[in-house]
Amino acid sequence: TGLSAGTTYTIKVYVKDAAGNQSDTTTKSATTNKPTGSETILGNVTVKTGAPNFSQTATTNEGVYKASDGMYGGTSYYWRGAVTNNYVKFAGKCWRIIRINGDGTIRLIYDGTTCHANGTSTAESIAKASIVYNTSRDQSYYVGWTYSSAQRPSTANPQTGGTASNAKTQLESWYSSNLASYVSKIADGKYCNDRTSITSNGGSYTWTATGNTFFYGAYNRINTGAPTLSCPSGDIYSLKVGLITADEAMYAGGVYDTSNNAYYLYNGQRYWTMSPYYWDRGGYALVFRVDSNGNLNAYGVNYNCDLRPVINLRSDVTFSSGAGTQSNPYVVA
């Protein structure tokens with residue numbers, strides 16, 4: 001009690017002999033453990049019980065909730081609404097905490113070279129503007145972070161199979177130019193592309209590259225207010241950098257086709273998620289985006305939209321200072 005983390009303390013033991021002479025017999029030194037970043041953050045918040053109504057936008061500071069983490073295991077803690085205590089300074093840039101993953105890694109979304117208040121419309125929190133997710137839209141597999149015309153997504157290897165999407169190529173180019181020298185503090189994060197949980201929206205169908213209009217799993221979850229942190233195993237990528245999912249945007253307070261310029265994900269821009277939306281057999285592959293008014297919507301993959309990077313800090317990172325606010329963000333040591 002009362003000890004400062006990361007400080008070395010020295011303890012000496014003194015004894016007296018029969019004549020009353022005092023001498024030290026032993027000296028011991030010990031260093032207290034400095035809390036990890038996630039321990040520091042969770043020590044500064046009150047985690048709410050239950051779950052919010054995901055069918056309603058979160059326009060006020062709803063705080064921090066917890067949910068089962070299907071990808072990492074354990075419990076994930078996520079920030080919702082117009083929160084003001086999820087700012088992190090790392091690599092000379094500002095980030096907002098999306099959630100603490102079940103393994104203690106910290107999931108961040110880019111906020112720019114400076115920290116911005118909620119409700120700020122700014123292109124500075126965009127890494128690359130006007131990027132097509134894929135150059136073509138007329139095959140269903142173009143919703144893939146990587147894709148292959150020869151394989152249904154459930155049989156593809158998301159790590160090595162197929163061609164990288166244009167969004168993946170552009171985002172990883174930005175990472176190489178801006179974050180590669182900080183790799184020791186960035187975890188190999190788990191990112192969900194969820195192409196395998198598909199539905200015909202009534203009626204039977206067989207997956208093909210061009211036929212049979214169908215919706216992807218995220219469409220049903222977002223439209224029923226039932227987001228998840230789980231992902232089919234065949235669609236989990238291990239990456240240094242990726243994008244937010246539509247489910248994570250709903251956990252944060254976004255709703256399909258409903259404006260929200262108050263929550264922390266709003267920046268007045270249109271940026272891609274990693275979540276497929278719909279395949280129209282007329283020749284349109286669509287992916288979810290966070291729209292310029294803060295709502296969740298979708299774009300054809302060959303339309304221009306922005307890239308807002310997401311990274312995961314390692315579970316053993318520590319902070320040198322900060323309280324998580326815009327004016328006093330957590331600073332990665």
Side-chain angles (χ1 to χ4, degrees), residues 5 33-54 58 62-81 83 85-88 90 95-109 145 158-159 183-197 217-218 221-222 224-254 263-265 273-275 309-319 322 324 330 332-333:
N33 292 326
K34 188 171 185 178
T36 64
S38 59
E39 289 171 341
T40 298
I41 294 167
L42 292 176
N44 291 336
V45 302
T46 299
V47 179
K48 293 191 172 183
T49 58
N53 183 349
F54 293 115
E62 294 193 12
V64 180
Y65 289 86
K66 62 182 179 179
S68 177
D69 194 331
M71 285 201 297
Y72 286 91
T75 299
S76 182
Y77 300 88
Y78 62 94
W79 276 248
R80 179 170 170 83
V83 288
N85 61 347
N86 67 337
Y87 291 88
V88 173
F90 171 64
W95 306 78
R96 303 296 292 268
I97 303 169
I98 300 172
R99 60 188 175 107
I100 294 175
N101 302 313
D103 66 347
T105 54
I106 306 169
R107 200 170 189 87
L108 307 176
I109 189 166
W145 197 240
Q159 294 302 116
V183 66
S184 63
K185 297 184 184 297
I186 300 174
D188 293 321
K190 295 182 179 182
Y191 294 86
C192 182
N193 192 202
D194 197 8
R195 300 161 296 166
T196 59
S197 56
R221 296 193 299 272
I222 300 309
T224 60
T228 182
L229 297 179
S230 296
C231 185
S233 59
D235 268 333
I236 299 175
Y237 289 77
S238 178
L239 305 167
K240 290 294 186 184
V241 64
L243 300 177
I244 197 169
T245 66
D247 296 81
E248 288 173 328
M250 178 165 265
Y251 275 109
Y263 74 142
Y264 75 91
L265 287 181
T273 77
M274 278 185 73
S275 303
V310 171
I311 62 172
N312 296 269
L313 295 178
R314 286 170 53 99
S315 60
D316 58 358
V317 298
T318 59
F319 297 135
Y330 295 115
V332 177

Non-hydrogen atoms of Ala218 and Asp247 that approach each other most closely: CB-OD1, 4.3 Å

Arg99 NZ/CZ over Tyr77 ring centroid, <6.0 Å and within 45° of normal: no

Heavy-atom neighbours of Lys66 NZ exceed 12 at 6.0 Å: no

Phe54 and Tyr78 aromatic ring geometry - parallel, tilted or perpendicular at 30°/60° bounds: tilted

Closest non-hydrogen atom pair between Ile222 and Ala246, with its separation: CD1-O, 3.6 Å

Ile100 CD1 to Leu313 CG distance, which is reported to the nearest 0.5 Å: 10.5 Å

Side chains of Ile244 and Thr273 in contact at under 4.5 Å (non-hydrogen atoms): yes

Option passing side-chain hydrogen bond (donor to acceptor under 3.5 Å, both in side chains) with Asn312 (candidates Asp188, Asn101, Asp103): Asn101

Approximate separation, where rounding is to 0.5 Å, of Leu229 CG and Thr245 OG1: 7.5 Å

Min side-chain heavy-atom separation Tyr264-Ile97 under 4.5 Å: no

Any side-chain heavy-atom pair of Arg107 and Glu248 under 4.5 Å: yes

Close side-chain approach of Trp79 to Ile98, heavy-atom, < 4.5 Å: no

Between Asn44 and Asn85: side-chain donor-acceptor atoms closer than 3.5 Å: no

Arg195 to Gly234 - nearest heavy-atom pair and separation: NH2-O, 4.2 Å

Nearest-0.5 Å distance that lies between atom CD1 in Ile109 and atom CD1 in Ile311: 11.0 Å

Heavy-atom check, side chain of Ile41 versus side chain of Val64, under 4.5 Å: no

Cationic N near anionic O, under 4.0 Å, Arg221 to Asp194: yes

Closest heavy-atom pair and its distance - Thr49, Tyr65: O-CE2, 4.1 Å

From CD1 (Ile236) to OH (Tyr72), nearest 0.5 Å: 9.0 Å

Spatial distance of atom CG (Asn193) from atom OG (Ser275) [nearest 0.5 Å]: 8.0 Å

Pro227 to Met250 - nearest heavy-atom pair and separation: CD-SD, 3.7 Å

Distance (rounded to the nearest 0.5 Å) between Tyr191 OH and Asp235 CG: 16.0 Å

Test item: Trp145 side-chain N/O and Tyr237 main-chain N/O as donor-acceptor pair under 3.5 Å: no

Nearest atoms (heavy-atom pairs only) where Val332 meets Lys185: CG1-CD, 3.8 Å

Any Arg96 side-chain heavy atom under 4.5 Å of Tyr87 side chain: yes

